[in-house]
Amino acid sequence: MQDQHHPEDPWGWDGELTPVPGFGFFPERVNTELDAVTKEILQQEISVIPDLQIFNLSSAFIGQYKCTILNETWPYLFPDLSLKSQPACPPTWDGSSCLPPTMPGSLAIFPCMESKENVSYLTSSNATRICLSSGYWDWSQPTNYSHCQQKLMDVSGKSEDLDISVLIYLIGYSVSLSALLGALLIFFSFRELRCLRHKIHIGLFSTVCLADISWISTAFLQSLIHSDDNLSAINIWCVSQVFLRYFHLTTFFWMFLEGLYLLLQIQLPLSLAVFNHFHCLLIGWGVPLGIMILWIFLRIFYDDQAEESTAGTEAMQTVLSCPFVKESDTDFYAYKIPVFILLLANTVFLLWIMLIVVSKLHFQTAMDFDRRHYRAAKALVVVIPVLGFTYILTLLGPSATDTPTAYTIFQAVRAALLSTQGAVITLPYCYLNTEVQSILTTRWNRWRMIKTLESECLPSTRKSSLAAHSLNGEKRNRLRTFSFS
């Protein structure tokens with residue numbers, strides 16, 4: 001905040017006032033200061049929640065939080081009003097707007113809010129509410145929004161408030177889901193793609209697809225956090241964090257199975273006689289489930305939940321009270337360490353596999369399966385960095401307050417990498433895989449050949465049937481002639 005012992009009119013109340021939608025008419029300096037303090041405090045509050053940024057919150061939620069800040073600081077920002085002998089009506093959130101501090105026995109006039117219940121409004125008109133002479137708002141009747149008009153939908157479809165990273169996430173996850181669903185359809189449609197190696201690919205595609213769907217669902221629930229009326233959505237959002245972490249963890253276990261299977265196929269091929277799909281399901285889905293049960297137990301019963309923020313709205317209190325969102329030591333021991341162990345193990349697998357396969361390819365006696373192993377190892381070279389590097393990006397990054405430009409660029413790059421990793425994984429394992437391409441080509445050629453034969457044989461079949469029909473007619477005529485004679 002600025003120095004309180006400033007010369008007269010430190011905020012510029014004697015000058016031009018700026019309309020602030022849903023708040024009132026303030027000097028530009030007051031609004032700037034209020035926005036800066038709100039953003040700073042809100043950023044500190046949500047910094048303990050992974051993947052939750054201010055741009056994920058609705059404008060109504062941020063406006064309500066800003067109103068709580070104004071409620072605590074208005075005597076400082078409105079010095080003339082606070083020094084009056086009669087107590088003024090304090091800033092209060094009415095569900096859509098922040099009623100500005102108002103002299104008792106007068107009418108509060110403020111610009112219409114930008115949105116209400118997901119409907120946009122023109123801010124050129126004003127809303128009103130009565131401040132009683134006792135210094136309390138008149139709650140016997142609602143705020144008068146009769147002059148506020150709905151805004152017509154922008155036909156261009158552009159939105160200045162839409163963050164670029166949100167667009168990147170939306171486009172990236174749409175592309176990834178389309179690619180993953182297409183790959184799963186291919187693998188489920190052809191019996192030739194049902195061996196254990198292909199089933200592991202299906203498991204990896206499935207877990208990445210579920211992780212993407214879980215992220216989209218969580219982001220959608222996050223967008224429903226408007227006000228204290230959406231506490232049920234916040235509780236569902238809290239539970240969704242468990243599913244988000246579970247599917248994120250299973251992704252690394254299925255990636256580990258990709259490396260483990262290839263290593264066994266190259267180094268210990270006889271062991272594959274006892275290593276079956278049940279073991280893959282147990283490692284890919286069962287072990288992460290056990291880790292998550294332990295993580296949930298530790299987060300609920302052993303994490304210190306005593307330090308809870310008392311600032312902000314009830315909705316923000318509910319968000320911060322969720323035991324699954326704040327960073328703690330439990331995350332490091334029960335969640336991050338298993339992920340780092342899997343990444344390290346896959347890195348060792350990859351180096352070992354490449355060393356064995358490349359050494360075999362140097363000999364003239366290299367077999368065809370050695371070349372297939374080399375192609376599979378190259379696919380693993382793509383998958384491991386994609387998943388590992390993007391996970392490291394979730395742990396690092398510049399500060400939003402110290403370097404805002406670098407933070408914005410980093411968020412955009414991270415959004416692009418995280419949202420498109422599903423599509424990238426499908427390239428080496430499905431769409432650019434020579435085995436899959438060969439099966440698709442064979443099936444396509446077989447289908448064309450059948451259609452061609454059907455088209456060629458159908459006319460000849462019709463001719464044969466007509467000839468047989470005419471021959472039978474002649475025979476019947478001869479029999480009639482013979483009988484008459």
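Between L249 and V339, the closest side-chain pair of non-hydrogen atoms falls below 4.5 Å. A heavy-atom distance below 4.5 Å is found between the side chains of L343 and M255. With contacts defined as side-chain heavy-atom distances shorter than 4.5 Å, the pair M113/S97 qualifies. In this structure, the side chains of N433 and P428 stay at 4.5 Å or more apart for every pair of heavy atoms. By the 4.5 Å heavy-atom criterion applied to side chains, P288 and I291 are not counted as neighbours. You'll find the side chain of W285 reaches within 4.5 Å of the side chain of T207, heavy atoms only. In this structure, the side chains of L184 and S206 come closer than 4.5 Å at one or more pairs of heavy atoms. For the pair V436/I186, a side-chain contact is recorded, criterion being any heavy-atom separation below 4.5 Å from C-beta on.
The OG1 atom of T38 lies 9.5 Å from the CD atom of E33; values are rounded to the nearest 0.5 Å. In this structure, CD on Q149 lies 8.5 Å from SG on C112, to the nearest 0.5 angstrom. Within the model, atoms CG of L70 and CG of N31 stand 10.0 Å from one another, a figure rounded to the nearest 0.5 Å. Note that the CD1 atom of I293 and the CG atom of L298 stand 12.0 Å from one another [nearest 0.5 Å]. Atom CD1 of I341 is separated from atom CZ of F252 by 13.0 Å, given to the nearest 0.5 angstrom. For the atom pair CG of L210 and OG of S217, the computed distance is 10.0 Å after rounding to the nearest 0.5 Å.
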Audit row: Y261, R197, side chain to side chain contact (heavy atoms under 4.5 Å, CB included) steps and yes/no: CA-CA 7 Å; Y261 176 82; R197 174 166 50 87; 3.4 Å; yes
Candidate pair V242 and M292, rule side chain to side chain contact (heavy atoms under 4.5 Å, CB included), full reasoning: CA-CA 8 Å; V242 177; M292 288 304 301; 4.1 Å; yes
Verdict with supporting geometry, D94 and W137, side-chain hydrogen bond (donor to acceptor under 3.5 Å, both in side chains): CA-CA 10 Å; D94 72 344; W137 294 104; over 6 Å; no
Evaluation steps, side chain to side chain contact (heavy atoms under 4.5 Å, CB included), between I213 and L177: CA-CA 8 Å; I213 294 174; L177 282 176; 3.8 Å; yes
F188 and I202: CA distance, side-chain angles, deciding distance, side chain to side chain contact (heavy atoms under 4.5 Å, CB included) verdict: CA-CA 9 Å; F188 282 124; I202 292 174; 3.7 Å; yes
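Side chain to side chain, N126 and Y145 fail the donor-acceptor criterion of an N or O pair below 3.5 Å. H248 and Y335 are linked by a side-chain donor-acceptor pair at a separation below 3.5 angstrom, with hydrogens and angles left out of the test.
Remark: side-chain polar atoms of R129 are not paired, donor with acceptor, to backbone N or O of N144 under 3.5 angstrom. No donor-acceptor pair under 3.5 Å is formed between the side chain of T32 and the backbone N or O of R29. Here the side chain of S124 pairs no donor or acceptor atom with the backbone of L122 at under 3.5 angstrom. For the pair W11 (side chain) and Y76 (backbone), a donor-acceptor distance under 3.5 Å is present. A donor-acceptor pair is defined here as one N or O able to donate and one able to accept, closer than 3.5 Å; no such pair exists between the side chain of R245 and the backbone of S240. The backbone N or O of P90 sits less than 3.5 Å from a side-chain atom of T92, completing a donor-acceptor pair. Under the 3.5 Å distance criterion, the side-chain polar atoms of S214 are left unmatched by any main-chain donor or acceptor of A211. Of the possible donor and acceptor atoms, none in the side chain of D331 sits under 3.5 Å from a partner among the backbone N and O of A334. With hydrogens and angles disregarded, no donor-acceptor distance shorter than 3.5 Å links the side chain of Y429 to the backbone of H198. Using a distance-only test at 3.5 Å, with no hydrogens or angles considered, a donor-acceptor pair links the side chain of T68 to the main chain of Y65.
Annotation: salt bridge (charged side-chain N to carboxylate O under 4.0 Å, His left out) contacts of D35 (sequence neighbours excluded): K66. Take H147 and apply the side chain to side chain donor-acceptor pair (under 3.5 Å) test, not counting sequence neighbours, and it matches no residue.
For the side-chain contact (heavy atoms from CB on, under 4.5 Å) with F110, the qualifying choice from L99, V20, T102 is L99, the only one to do so. Each of W237, F297, W295 was checked for a ring pair (Phe, Tyr, Trp, His ring centres under 6.0 Å) with F324, and the lone residue meeting it is W295.
Closest of all the heavy-atom pairs between S176 and Q421 is OG-N, 4.1 Å. Nearest approach of N346 to G259, heavy atoms of both residues: OD1-CA, 3.7 Å. Taking all atoms of both residues into account, the shortest heavy-atom contact from F23 to P100 is O-CB, 3.1 Å. Pairing each heavy atom of S174 with each of S178, the nearest pair is O-OG, 2.8 Å. Minimum interatomic distance between C280 and L196 (heavy atoms only, all atoms of both residues): SG-CD1, 3.9 Å. Closest non-hydrogen pair, W74 versus P91, comes out as CD1-CD, 3.3 Å.
Ring planes of W13 and F26: perpendicular class, angle over 60° (limits at 30 and 60°). Aromatic ring pairs are classed by plane angle as parallel below 30°, tilted from 30° to 60° and perpendicular above 60°; the pair F187 and H201 is perpendicular.
Checked against a 6.0 Å centroid threshold, the rings of W215 and F247 do not count as neighbours.
Within a 6.0 Å sphere centred on CZ of F25, heavy atoms belonging to other residues, nucleotides or ligands number more than 12.
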